[in-house]
Amino acid sequence: MEYLSGIVERITYVNEDNGFTVAKIKSKGFSELVTVVGNMAAANVGAAVKLKGEWKVDSRYGRQFSVIDYTETIPATVAGIEKYLGSGLIKGIGPVNAKRIVRTFGIDTIRVIEEEPERLAEAEGIGKKRIEMIREAWQEQKEIKNVMLFLQSHGVSTSFAVKIYKTYGDKSIETVRTNPYRLADDIWGIGFRTADIIAGKLGFDKNSYERCRSGVLYILNELSKEGHCFAAKEELTDQTEKMLELERDNIIGTIEKLVAEKLLIPEGEDMVYLPPFYFSEVGSARRIQEITSRESRFHAGDVEELIQQVQAECGIIYDEVQKDAVRTAVNSKFMVLTGGPGTGKTTTTLAVIRAFQKMGAAILLAAPTGRAAKRMTETTGMEAKTIHRLLEFKPPEGCQRNEENPLDCDLLIIDETSMVDIILFYNLLKAVRDDTVVILVGDADQLPSVNAGNVLNDIIDSGAVSVVRLQQIFRQAQGSMIVTNAHRINAGEFPIIRGGKKNDFFFIEEDDPAKAVELIKDLCSRRLPGYYDADPIDDIQVLCPMQRGETGAVNLNRTLQDVLNPGSEYIVRGGVQYRVKDKVMQVRNNYDKNVFNGDIGRITAINREDGTIDIRFDESVVQYDVSELDEVIHAYATTIHKSQGSEYRIVVAPFSTQHYMMLQRNLLYTAITRAREVMVIVGSKKALAMAVNNRKIAQRNTLLAQRLREYRIM
């Protein structure tokens, strides 16, 4: 075993999952910075470290010191203290204030912060409010350091220490010792596997009820992320048995106990639900039945005359299916309007709106995402809100609009309904009066919602409500190869890929992943912005079938950030640079901040003194603490799944055989229908053919259609 001492100059990379760190240290006797690698997630820039490990030669990166264990001390030099405090370790002290404080107190700085924080007022620009912030942050980081060291002593990543401390405070270590599986329940980002590792290191019994309970709930939550509302008991038992390596009887007994405790709800002999999905599914079916069984307050005396008036006002002659949509809307309580691109969904929706306006109806419009709501506003000329905003969602109370305080409208139209998951749908229906007319608009051939449920397709399949399908491609859309190819792909036909300057659909053949990345970089930074006078960040969106791989979203984000936004103003979290002007996406619903999974924004400001970052989402600016940045990822490239409900001026999509696991018809169809003006596919004809020919759609475990049929029979 060898030893190495030095000062941490910079953290190059941190793996948030396992704490693996790449750092550069300045060490006596070495003319250049030394690369050290190992589990050092608790180390801070500027800290003095004593490392235990061994020298190794990496074939790619050269000589490195591989760390097995280390100790960290507060630096003993003025320069070291300044770097230590300026690293973002203490909220309220960034590089500027670190320089001011160290200039005032020199080598005595750490003692002053620890014992006499009020004296910080002697430093230039440090007021009472900032002193209090620094005092609290200093105490907090000491506690967090204890949590980090505790976790690290058990060989577990410490990257979640801040979150653990913020959740449990000074009871953090006691909580982890008593029941580490609580971490998986209480803290977003800490899954069962991490909690299970901690429990194993703490000597927890593999057969304990706590472990089995947490494992079963973890599997159910993972299935819900795949879109399932329930699990078959057999499948749940099989997956839990495989993951936990426990006796089958132990797992069956745990499921029975969870049912007895009402943490799971059984359906029939062989299905179980997590309660939110059960009540949302049953409640949605019940609410649709209640709404459809009530009379509408609005009836047109002569529907045909009404249609004639709307045609005259709008200057449009509707085809028979569009007229039928207006007739159905006027005479129904609950209707679905579906169709692909270019079939006139927007025009038909406008006709329905005008008809109801003529009858004096109060109308509300909404969509699942901010972008979809904004587009709905632009196409209708009426205000459309996100569903969350429509329901006046306020944490922690929830939706202010509900059965006791319903939405005040006679007609409610929801666009992009394919994106709506079962829980959000139920919250929406609870806020709808029984006499309100509800119209769901969406493309049933797109990918279903990211979260659990298959709401739009289940309602269509149930036969319980009126459905109007628009299938004719209108003349103005027939010249678009985007529209033509979307319909060809949906019909199982290979897209037309011949080029042409006036085309809006392009295919560039390149199946070599490394070359495809370079091509996409050139398209986004030079060729497309130059030819179409486009903003490379706001107007162009790269959509990928997968996150991983050379042409996956993760790697393309790194590549595109460097070429499109090489800014010098940045903050580092987990080895990732977040820069001012970066395009980013929220990846979880954060009700406190009123931002939701899939929302795209731009970083507008970084405050390294306070350790905060401002992100603009549509019209609102939201502030994040550095510790919250795991909720945000770069969005120069994103997955096709995450693009649902959005529309982009120009879309670039890699489709290569490297993505063979994800090559499905509805995935390719969804990618193409996201493009408004230009669609560019980079990949291979073989990959396109694989996607077009793969109509296999993963079935989701939902019973909404069945429940609606049962209500219909009753």
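All figures in this text were calculated on a predicted structure; none of them were measured in a lab. Values below: all heavy atoms of this structure, side chains included; hydrogens, waters and symmetry mates excluded.
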For this session: Could you check Arg119 against Glu122 for salt bridge (Lys or Arg N to Asp or Glu O under 4.0 Å), going step by step and ending with a plain yes or no?
Result: CA-CA 6 Å; Arg119 283 191 60 200; Glu122 297 171 28; 2.9 Å; yes
Problem set entry | Derivation and outcome, salt bridge (Lys or Arg N to Asp or Glu O under 4.0 Å), residues Arg135 and Glu132 | CA-CA 5 Å; Arg135 189 189 64 76; Glu132 184 58 24; 2.6 Å; yes
Exercise. Would Val632 and Gln586 count as a side chain to side chain contact (heavy atoms under 4.5 Å, CB included) if you check the C-alpha gap in whole Å, the side-chain angles of each, and the deciding distance to 0.1 Å?
Worked result: CA-CA 5 Å; Val632 174; Gln586 177 78 11; 3.7 Å; yes
Problem set entry | Criterion side chain to side chain contact (heavy atoms under 4.5 Å, CB included) on Leu428 and Leu391, from CA distance to verdict | CA-CA 7 Å; Leu428 178 69; Leu391 297 178; 4.2 Å; yes
Exercise. Would His388 and Asn594 count as a side-chain hydrogen bond (donor to acceptor under 3.5 Å, both in side chains) if you check the C-alpha gap in whole Å, the side-chain angles of each, and the deciding distance to 0.1 Å?
Worked result: CA-CA 8 Å; His388 284 95; Asn594 201 31; over 6 Å; no
Exercise. So Leu51 and Ile25, side chain to side chain contact (heavy atoms under 4.5 Å, CB included) or not? Walk me through it.
Worked result: CA-CA 11 Å; Leu51 312 170; Ile25 73 165; 3.9 Å; yes
For this session: Before giving the answer on side chain to side chain contact (heavy atoms under 4.5 Å, CB included), spell out for Ser224 and Asn451 the whole-Å C-alpha distance, their side-chain angles and the decisive distance to 0.1 Å.
Result: CA-CA 7 Å; Ser224 76; Asn451 297 314; over 6 Å; no
Exercise. Taking it one step at a time, do Arg213 and Glu210 satisfy salt bridge (Lys or Arg N to Asp or Glu O under 4.0 Å)?
Worked result: CA-CA 5 Å; Arg213 169 192 178 278; Glu210 288 82 9; over 6 Å; no
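Counting only heavy atoms from C-beta outward, the side chains of Glu631 and Val595 never approach each other to under 4.5 Å. Residues Phe65 and Glu2 form a side-chain contact, since some pair of their non-hydrogen atoms from C-beta on lies under 4.5 Å apart. A 4.5 Å side-chain heavy-atom check between Glu124 and Arg103 finds at least one atom pair inside the cut-off. Looking only at side-chain heavy atoms (C-beta outward), Ile198 and Tyr181 stay at 4.5 Å or farther from each other. Between Ile81 and Leu85 there is a side-chain heavy-atom pair separated by less than 4.5 Å. For the pair Gln541/Ile600, a side-chain contact is recorded, criterion being any heavy-atom separation below 4.5 Å from C-beta on. Contact annotation: the side chain of Tyr218 approaches that of Arg193 to within less than 4.5 Å [non-hydrogen atoms, C-beta and beyond]. Contact check for Leu560 versus Ile537: no side-chain heavy atoms found under the 4.5 Å cut-off.
Residue Ile606 holds its CD1 atom at 9.0 Å from CD1 of Ile615, rounded to the nearest 0.5 Å. To the nearest 0.5 Å, the span separating CG on Leu543 from OG1 on Thr638 amounts to 7.0 Å. With rounding to the nearest 0.5 angstrom, the CG atom of Leu274 is 5.5 Å from the CG atom of Asn221. To the nearest 0.5 Å, atoms CD1 (Ile131) and CD (Glu118) are separated by 8.0 Å. Rounding to the nearest 0.5 angstrom, the gap separating the OG atom in Ser214 from the CG atom in Asn179 is 8.0 Å.
Contact check on Lys593 versus Glu628 returns a salt bridge, with a Lys/Arg side-chain nitrogen under 4.0 Å from an Asp/Glu carboxylate oxygen. Ion pairing between a basic and an acidic side chain is recognised when a charged N comes within 4.0 Å of a carboxylate O; Arg211 and Asp196 show such pairing. For Arg602 and Asp538, the salt-bridge test passes: some basic side-chain N is under 4.0 Å from an acidic carboxylate O. In summary, Glu116 and Arg111 engage in a salt bridge, as defined by a charged side-chain N under 4.0 Å from a carboxylate O. Remark: Arg375 does not engage Glu378 in a salt bridge, criterion side-chain N to carboxylate O under 4.0 Å.
By the neighbour-count criterion of 12 heavy atoms within 6.0 Å, atom OH of Tyr570 is sparsely surrounded, having that number or fewer from other residues, nucleotides or ligands. With a 6.0 Å radius and a threshold of 12 heavy atoms from other residues, nucleotides or ligands, Lys385 has its NZ atom above the threshold. More than 12 heavy atoms of other residues, nucleotides or ligands lie within 6.0 Å of CD in Glu397, so this atom counts as buried by the packing criterion. Remark: Lys430 NZ is packed, more than 12 non-hydrogen atoms of other residues, nucleotides or ligands lying under 6.0 Å away.
Nearest heavy atom pair, residue Trp55 against residue Phe30, reads CZ2-CZ, 3.7 Å. For the residue pair Thr369 and Met419, the shortest heavy atom distance occurs at CG2-CE, 3.2 Å. Residue Ile113 comes nearest to Leu120 through the heavy atom pair CG1-CD2, 4.1 Å, listed as atom of the first residue, atom of the second, then distance. Between Ile540 and Lys583 the shortest heavy-atom distance is O-NZ, 3.3 Å. Taking every heavy atom of both residues into account, Ala553 and Thr639 meet most closely at CB-N, 4.4 Å. In terms of heavy atoms, Leu564 sits closest to Pro536 at CD2-CB, 3.7 Å.
With Asn557 contributing its side chain and Tyr636 its backbone, the two residues share a donor-acceptor pair below 3.5 Å. Formation of a donor-acceptor pair under 3.5 Å by the Ser27 side chain with backbone atoms of Ser5 is found in this model. The closest donor-acceptor contact from the side chain of Asp539 to the backbone of Asp535 lies under 3.5 Å. Between the Asn565 side chain and the Val580 main chain, a donor and an acceptor come within less than 3.5 Å of each other.
For the side-chain hydrogen bond (donor to acceptor under 3.5 Å, both in side chains) with Thr35, the qualifying choice from Gln64, Arg63, Lys24 is Lys24, the only one to do so.
Between the side chains of Asn405 and Gln400, no donor-acceptor pair of N or O atoms lies under 3.5 Å.
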